[in-house]
Amino acid sequence: MKKIEAIIKPFKLEDVREALTEAGISGLTVTEVKGYGRQKGHTETYRGAEYKVDFLPKIKLEIVLTDEQVERCIEVIIATANTGKIGDGKIFVFDVVRAIRIRTSEEGDEAV
């Protein structure tokens with residue numbers, strides 16, 4: 001099993017969710033986060049005063065999958081979240097040692 005963490009732009013969330021569902025991937029956790037990478041924030045003007053926004057709003061998706069689903073999931077996220085502009089995000093893949101469904105005590109792939 002693997003865990004995918006993807007950081008994407010907020011306005012891409014619904015498109016990515018729909019594409020994952022169409023690809024047969026269900027179950028994800030969504031968290032609103034803030035951060036920066038190469039994008040390094042930007043400057044905004046509010047009531048005539050200019051200020052720097054260092055941390056940009058992003059969405060973090062967390063998805064635990066069977067090994068067979070990982071590459072398809074990555075392909076779907078890249079195809080759907082890509083705008084071609086800086087700040088599109090990142091995808092991280094981690095090994096999951098153990099997964100347990102609390103309700104039934106199922107473990108492994110059955111728990112996912």
Closest approach of [X] to [Y] (non-hydrogen atoms, all atoms of both residues):
X	Y	answer
G27	I63	O-CG2, 3.7 Å
M1	R98	CE-C, 4.2 Å
R101	E110	NH2-O, 2.9 Å
L20	I77	CD2-CG1, 4.2 Å
T80	A19	OG1-CB, 3.4 Å

Can you tell me how far [atom2] of [Y] sits from [atom1] of [X], rounded to the nearest 0.5 angstrom?
X	Y	atom1	atom2	answer
L28	E62	CG	CD	9.5 Å
L13	I59	CG	CD1	5.5 Å
K60	T31	NZ	OG1	5.5 Å
R17	I25	CZ	CD1	13.0 Å
E107	S105	CD	OG	8.0 Å
K85	T83	NZ	OG1	6.0 Å

Exercise for the section: Evaluate the side chain to side chain contact (heavy atoms under 4.5 Å, CB included) criterion for residues I4 and L61: first the C-alpha distance (whole Å), next the side-chain angles of each, then the deciding distance (0.1 Å), finally the verdict. Expected result: CA-CA 8 Å; I4 293 178; L61 305 175; over 6 Å; no
Handout entry: Verdict with supporting geometry, V76 and E22, side chain to side chain contact (heavy atoms under 4.5 Å, CB included)
Key = CA-CA 10 Å; V76 167; E22 288 174 16; over 6 Å; no
Problem - Exam field: side chain D88 to backbone N82, donor-acceptor pair closer than 3.5 Å - result: no
Handout entry: Validation row: K9, K58 side chains within 4.5 angstrom (heavy atoms)
Key =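 Result yes, sub-4.5 Å side-chain heavy-atom pair found.
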Practice task
Please check if atom CD in E14 has more than 12 non-hydrogen atoms from other residues, nucleotides or ligands closer than 6.0 Å.
Solution key: yes
If Ile, Leu, Val, Met, Phe, Trp and Tyr residues are connected whenever their side-chain heavy atoms lie under 4.5 Å apart, and connections chain through other members, are [X] and [Y] in the same group?
X	Y	answer
L56	F11	no
I7	I74	no
V30	V93	yes

Exercise for the section: I would like to know whether K2 and D95 meet side chain to side chain contact (heavy atoms under 4.5 Å, CB included); could you show each step before the answer? Expected result: CA-CA 5 Å; K2 304 283 188 210; D95 286 322; 2.3 Å; yes
